[in-house]
Novice: 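Okay, handing you the structure first.
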Amino acid sequence: MTSSLAGPLSAAVARLVATLRPQVGPGTAAGFDEVVRRLSAPLQVAVAGRIKSGKSTLVNALIGRRVAPVGVGECTRLVTRFQYGAVDRIEVVGTDGSRWVLPFDADGMIPADLAVDLDTVSHLEAYLTNEVLRELTVIDTPGLGSLDSDSVARTEKLLDQVSQDAVAGAEAVLYVFTQTVRADDRDTLRAFTAATAGREAGPVNAIAVLNKADTIAPESVAGADGDVWRAAAILAGKQAAALRPRVADVLPVMGLLAESAETGAFTSADADALRALAELDEASWMTMLMSADLFTTWECPVPAATRSRLLAKLDLYGVDRAVRAVQAELGITAGALRRALLDASGLAGVRARLDAVFRARADGIKAAAALASITALAAGDSGERQRVNDAIEQLLGRPEAHQLRLLEALTLIAANAVTMPEDLADEVLRVGGSGDIPAQLGMVGRPPHELVAYALERAGWWRSFASFGATPAQSRVAHVVHRAYFLIWQQLRGASGG
Ligand SMILES: Nc1nc2c(ncn2[C@@H]2O[C@H](COP(=O)(O)OP(=O)(O)O)[C@@H](O)[C@H]2O)c(=O)[nH]1
Ligand SMILES: [Mg+2]
């Protein structure tokens, strides 16, 4: 075990499960043990999205190591869990529960192909020494909505299994979209409900990215002024609007650039080749950038094979970006160039969001997922169901469990299980969507006395909404929101010494 309980909520749920354990049958008890084990493991984040959306590439960038196979090959069709381990090791887990060790390939990656029948394989477990994995277990998935129905079945099977025994399940999801959100992307959002043990994935435990932002043609996006990042931001905003309230927003990212810059794939030889390209006359360079074909076949002193390699690592946008950086600063070092590409990739924004949403909230997310799991485990027996529900009600009634109730309220709204007027739904998502008080109040940068006054005013408003004019479901949410504002107000007052 590499980490302990994520915080007080996880600890409270672990105690609750321990208390209930003697009161349930052996089958349910075995499931409970698994729930407790999971509670003290790092947060489990699944990377989901259509096949070829760049999930594995992004996983590599996040881990900081080129280890997940990309493109084609059998192993891209398997679910792989990347978790922290004291020694690098890959295990193949059979459908019968058997495990065997798989050697890394010559590049230190998971081999693209297994020498066994894929139908006998459940999934892969990769144990890596990379520090990021101490706090997050990353689950790479083949991708729903793919043409390869076997991969779909395999992903769905994992999800099913997960909802049944809560073993390998995801607690949070990183959705990877590309330029156009399609109907089956939305299905993916829904399918992952199963992965979180029947608990809806919403802005509480889901982050969405618009990947391959480098491939967006800025001239096709109104208002982008020919700028790729501006175009990406506009498209990401539109996607967020189409996907809300399930996802809070959509962050643009260039996974390939991030991977190359972050994993050591970008080398000083690449930097040298870029320096040579930077000396070409502008007309040739503009021609070469018109397509991948022209880039590799156009007459030029840099060997075609080298250009293909650059293309595979950076794609056209990244190559152009790098050449411009060299032209702007002729003596730029390979390290500084790598850094510039990393900055251009948008990975820092994704990492910051992962930190803000997942790591900071891991305690609440894990506790809520565990409660959902034990509810599901006890559902088959009316006596057990009653005891579990009573215990959970009691826990949620305690003041220190308020954060869990807020997460629950958010989830209800995100899943449209409670309907609210749009402005109120937005307000709930905002209050529950962050741990930062000015952001929760939507008043970043405003003076403290305004924050205090606003928190108090909204606390009062939600209390009356709870008592008058709300449906019973709305009323339950309103009580939670009132309390959230009240606690914010108390904290602000404490901080200002008043
Ligand atoms: N241009 C570009 N290509 C990318 C990006 N991310 C991934 N790719 C390419 O897209 C292909 C599929 O990537 P992969 O990670 O295997 O997708 P997955 O099937 O979702 O895991 C590979 O050829 C990647 O090099 C990106 O940000 N930009
Ligand atoms: Mg993949």
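In each ligand, atom 1 is the first atom listed, and ligand 1 is the first ligand listed.
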Novice: Identify the two heavy atoms, one from A273 and one from T306, that lie closest to each other, and give their separation to 0.1 Å.
Specialist: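 For A273 and T306, the tightest heavy-atom pair comes out as CB-CG2, 3.6 Å.
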
Novice: Only heavy atoms of D315, strictly under 4.0 Å: list the atoms of ligand 1 that pass.
Specialist: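 Taking each heavy atom of D315 in turn, ligand 1 has 1 (N), 2 (C) under 4.0 Å.
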
Novice: Between D140 and K55, does any side-chain N to carboxylate O distance fall below 4.0 Å?
Specialist: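 Salt bridge absent between D140 and K55.
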
Novice: Among all protein heavy atoms, pick the one closest to atom 28 (N) of ligand 1 and tell me residue, atom and distance.
Specialist: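 Protein heavy atom at minimum distance: D214 OD1, 2.7 Å.
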
Novice: If I apply the N/O under 3.5 Å rule, does P69 come out as touching ligand 1?
Specialist: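 By distance alone, the answer is no.
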
Novice: Quick one: CG on N211 to CG on L251, what's the gap to the nearest 0.5 Å?
Specialist: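 Going from the CG atom of N211 to the CG atom of L251 covers 11.5 Å.
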
Novice: One residue to check: V176. Relative to ligand 1, which of side chain, backbone, both or neither has a non-hydrogen atom less than 4.0 Å away?
Specialist: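 It is neither; nothing of V176 touches ligand 1.
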
Novice: I'd like to check atom 23 (O) of ligand 1 in this structure: does the protein have a heavy atom lying under 4.0 Å from it?
Specialist: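 So far as the 4.0 Å threshold goes, atom 23 (O) of ligand 1 is out of reach of every protein heavy atom.
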
Novice: Just let me know how T57 lines up against ligand 1, side chain, backbone, both or neither, with a heavy-atom cut-off below 4.0 Å.
Specialist: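 The part of T57 near ligand 1 is both the backbone and the side chain.
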
Novice: Say whether V253, considering both its backbone and side-chain N or O atoms, lies within less than 3.5 Å of an N or O atom on ligand 1.
Specialist: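 N/O-N/O distance below 3.5 Å does not exist for this pair.
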
Novice: Salt bridge between E259 and K313, side-chain N to carboxylate O under 4.0 Å?
Specialist: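 The answer is no: the pair does not qualify as a salt bridge.
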
Novice: Would a search of protein heavy atoms around atom 5 (C) of ligand 1 find one under 4.0 Å away?
Specialist: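 Protein heavy atoms within 4.0 Å of atom 5 (C) of ligand 1 - there is at least one.
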
Novice: Number the atoms of ligand 1 from 1 as they appear, then name those within less than 4.0 Å of a heavy atom of G71, with their elements.
Specialist: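 Result: 16 (O).
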
Novice: Is T141 close enough to the Mg ion (ligand 2) that one of its N, O or S atoms comes in under 2.8 Å?
Specialist: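 So T141 does not count as coordinating the Mg ion (ligand 2).
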
Novice: Measuring from the heavy atoms of E259, does anything fall under 4.0 Å of ligand 1?
Specialist: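 E259 does not count as a contact of ligand 1 under the 4.0 Å cut-off.
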
Novice: List every atom of ligand 1 that sits less than 4.0 Å from any heavy atom of N211, numbering the atoms from 1 in the order shown and giving each element.
Specialist: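 In order of number, 6 (N), 27 (O).
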
Novice: Which of the atoms of ligand 1 are close to S56, meaning less than 4.0 Å from one of its heavy atoms?
Specialist: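 Result: 15 (O), 21 (O).
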
Novice: Run the numbers for me: atoms of ligand 1, each under 4.0 Å from some heavy atom of M254, listed by number.
Specialist: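 So the answer, numbered in order with elements, is 27 (O).
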
Novice: Atom 17 (O) of ligand 1: which protein heavy atom is closest, and how many Å away?
Specialist: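 Here the closest protein heavy atom is G54 N, 3.1 Å.
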
Novice: Does R338 make a cation-pi contact with F266, if we ask for NZ or CZ under 6.0 Å from the ring centre and within 45° of the axis?
Specialist: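 No, R338 and F266 do not form such a contact.
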
Novice: Which heavy-atom pair separates R307 from F295 by the least distance, and what is that distance?
Specialist: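 Heavy-atom minimum between the residues: NH1-O, 2.9 Å.
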
Novice: Identify whether the distance between the nearest side-chain nitrogen and carboxylate oxygen of D343 and R339 falls below 4.0 Å.
Specialist: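 Judged by the 4.0 Å cut-off on N to carboxylate O distance, D343 and R339 do form a salt bridge.
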
Novice: Taking the side chain as C-beta and beyond, is there a heavy-atom pair between D105 and I110 under 4.5 Å?
Specialist: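 SC-SC contact between D105 and I110 ruled out.
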
Novice: Within a distance under 4.0 Å of any heavy atom of G255, pick out the atoms of ligand 1 and give their elements.
Specialist: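 In order of number, 27 (O).
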
Novice: Heavy-atom distances under 4.0 Å decide this one: backbone, side chain, both or neither, for L256 against ligand 1?
Specialist: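 Both the backbone and the side chain of L256 come within reach of ligand 1.
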
Novice: Take D117 and T120 through the side-chain hydrogen bond (donor to acceptor under 3.5 Å, both in side chains) test and state the conclusion after the steps.
Specialist: CA-CA 6 Å; D117 181 1; T120 65; 5.5 Å; no

Novice: Distance under 4.0 Å to a non-hydrogen atom of T215: what atoms of ligand 1 satisfy this?
Specialist: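 Counting atoms of ligand 1 from 1, those under 4.0 Å from T215 are 1 (N).
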
Novice: Identify which of K55, K52, K212, R50 has a heavy atom lying nearest to atom 10 (O) of ligand 1.
Specialist: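 Among K55, K52, K212, R50, the closest heavy atom to atom 10 (O) of ligand 1 comes from K212.
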
Novice: Tell me the contacting part of V70 for ligand 1: side chain, backbone, both, or neither, using a 4.0 Å heavy-atom threshold, strictly below.
Specialist: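 Both of them.
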
Novice: Salt-bridged, R65 to D88, with N to O below 4.0 Å?
Specialist: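 Yes, R65 and D88 are salt-bridged.
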
Novice: How about W298: does its CH2 atom have over 12 heavy atoms from other parts shown lying under 6.0 Å from it?
Specialist: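 Not more than 12 within 6.0 Å, no.
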
Novice: Any salt bridge linking D249 with R353? Criterion: basic side-chain nitrogen under 4.0 Å from a carboxylate oxygen.
Specialist: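 R353 and D249: salt-bridged.
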
